[in-house]
Asker: 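Quick one: structure below, then a few questions.
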Amino acid sequence: MEMLKLNGIEEFENLDTTLWGIRQPHLNSESESYHLSGPLDLVLTPSVAFTFDGKRLGHGKGFYDQFFASHQKMFNKMPFKVGFGLKEQIIDDLPISEFDVLMDIVISS
């Protein structure tokens with residue numbers, strides 16, 4: 001998973017859509033990596049399930065947790081982490097490990 005800089009809403013709207021409806025750049029995209037553009041301020045983080053205290057359950061590959069750890073190491077700063085989903089995705093508790101990164105806030109419908 002690579003975070004790329006987009007230069008406006010039009011560039012976002014022109015991204016390809018995956019099978020799951022997630023917009024993402026082409027594999028051969030010439031968009032600039034966030035590594036070059038500097039630390040991110042905000043990351044909207046999808047998930048399978050959340051708790052209101054910031055725990056999240058993804059698809060088990062650790063992509064976002066690894067990304068957040070890499071961002072922290074590279075810039076000595078974490079972006080503000082927003083978990084978002086449907087109210088049906090909010091549950092009371094989730095098991096977490098030492099590698100799981102908590103969200104700063106969770107928003108649901």
Asker: Which word best sums up how the rings of Y34 and F67 line up, parallel for under 30°, tilted for 30 to 60°, or perpendicular for over 60°?
Answerer: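 Judged by the thresholds at 30° and 60°, the geometry between Y34 and F67 is perpendicular.
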
Asker: Mark yes or no for whether H71, through its side chain, and P39, through its backbone, hold a donor-acceptor pair below 3.5 Å.
Answerer: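 No; zero donor-acceptor contacts below 3.5 Å.
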
Asker: Once side chain to side chain donor-acceptor pair (under 3.5 Å) is applied, do any residues pair with S33, and if so which ones, sequence neighbours excluded?
Answerer: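 With sequence neighbours excluded, S33 shows a side chain to side chain donor-acceptor pair (under 3.5 Å) to E2, H35, given in chain and number order.
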
Asker: Taking only residues at least two apart or on different chains, which pairs with a member in residues 7-16 satisfy salt bridge (Lys or Arg N to Asp or Glu O under 4.0 Å)?
Answerer: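 Listed by first then second residue: nothing to list.
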
Asker: I'd like to know if M78 and I105 are part of one continuous hydrophobic network [Ile/Leu/Val/Met/Phe/Trp/Tyr, side-chain heavy atoms within less than 4.5 Å].
Answerer: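 In one cluster with I105: M78, no.
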
Asker: How long is the gap from CG on D92 to OG1 on T51, to the nearest 0.5 Å?
Answerer: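 The OG1 atom of T51 is 9.0 Å from CG of D92, to the nearest 0.5 Å.
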
Asker: List the residues meeting side chain to side chain contact (heavy atoms under 4.5 Å, CB included) with Q66, not counting sequence neighbours, and say none if there are none.
Answerer: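 With sequence neighbours excluded, Q66 shows a side chain to side chain contact (heavy atoms under 4.5 Å, CB included) to no residue whatsoever.
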
Asker: The criterion is salt bridge (charged side-chain N to carboxylate O under 4.0 Å, His left out); which residues satisfy it with D93, sequence neighbours excluded?
Answerer: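 For D93 the salt bridge (charged side-chain N to carboxylate O under 4.0 Å, His left out) partners, ignoring immediate neighbours, are K55.
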
Asker: Nearest 0.5 angstrom please: L94 CG to S47 OG, how far?
Answerer: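 Going from the CG atom of L94 to the OG atom of S47 covers 8.0 Å.
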
Asker: Applying side chain to side chain contact (heavy atoms under 4.5 Å, CB included), name anything that partners T45, two or more places apart in sequence or on another chain.
Answerer: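 Applying side chain to side chain contact (heavy atoms under 4.5 Å, CB included) to T45 gives V43, R56, Y64, F68, M103.
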
Asker: Is the backbone of S97 close enough, under 3.5 Å, to the side chain of D100 for a donor and an acceptor to pair up by distance?
Answerer: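 Yes.
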
Asker: Side chain to side chain contact (heavy atoms under 4.5 Å, CB included) with L42: which residues, sequence neighbours excluded?
Answerer: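 L42 satisfies side chain to side chain contact (heavy atoms under 4.5 Å, CB included) with L44, F80, V82 only.
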
Asker: Mind jotting down which residue pairs meet the salt bridge (Lys or Arg N to Asp or Glu O under 4.0 Å) criterion with at least one end in residues 69-78? Sequence neighbours excluded, please.
Answerer: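 Listed once each, the pairs are D41-K77.
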
Asker: Nearest 0.5 Å please: distance from the CE atom of M74 over to the CG atom of N76.
Answerer: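 Taking CE in M74 and CG in N76, the distance rounds to 12.5 Å.
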
Asker: Enter the distance from I107:CD1 to L86:CG here, rounded to the nearest 0.5 Å.
Answerer: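 Going from CD1 on I107 over to CG on L86, the span is 13.0 Å.
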
Asker: Can you name the side chain to side chain contact (heavy atoms under 4.5 Å, CB included) partners of L15, sequence neighbours left out?
Answerer: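 Scan of L15 (side chain to side chain contact (heavy atoms under 4.5 Å, CB included), adjacent residues dropped) gives L6, F12, R23, P25.
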
Asker: Please round to the nearest 0.5 Å and tell me the distance separating atom CE of M3 and atom OG of S37.
Answerer: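 Output value for this atom pair is 11.5 Å.
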
Asker: Salt bridge (charged side-chain N to carboxylate O under 4.0 Å, His left out) with D104: which residues, sequence neighbours excluded?
Answerer: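 So D104 forms a salt bridge (charged side-chain N to carboxylate O under 4.0 Å, His left out) with K81.
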
Asker: Nearest 0.5 Å please: distance from the CZ atom of F52 over to the OG atom of S108.
Answerer: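 OG of S108 is found 4.0 Å from CZ of F52.
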
Asker: How does the hydrophobic cluster around I22 look, that is, which other residues are in it when side-chain heavy atoms under 4.5 Å mark a link?
Answerer: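 L19, W20, all in the cluster of I22.
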
Asker: Can you get from F50 to L102 by hopping between Ile, Leu, Val, Met, Phe, Trp and Tyr side chains that sit under 4.5 Å apart?
Answerer: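 They do not share one cluster, since no chain of ILVMFWY contacts under 4.5 Å joins F50 to L102.
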
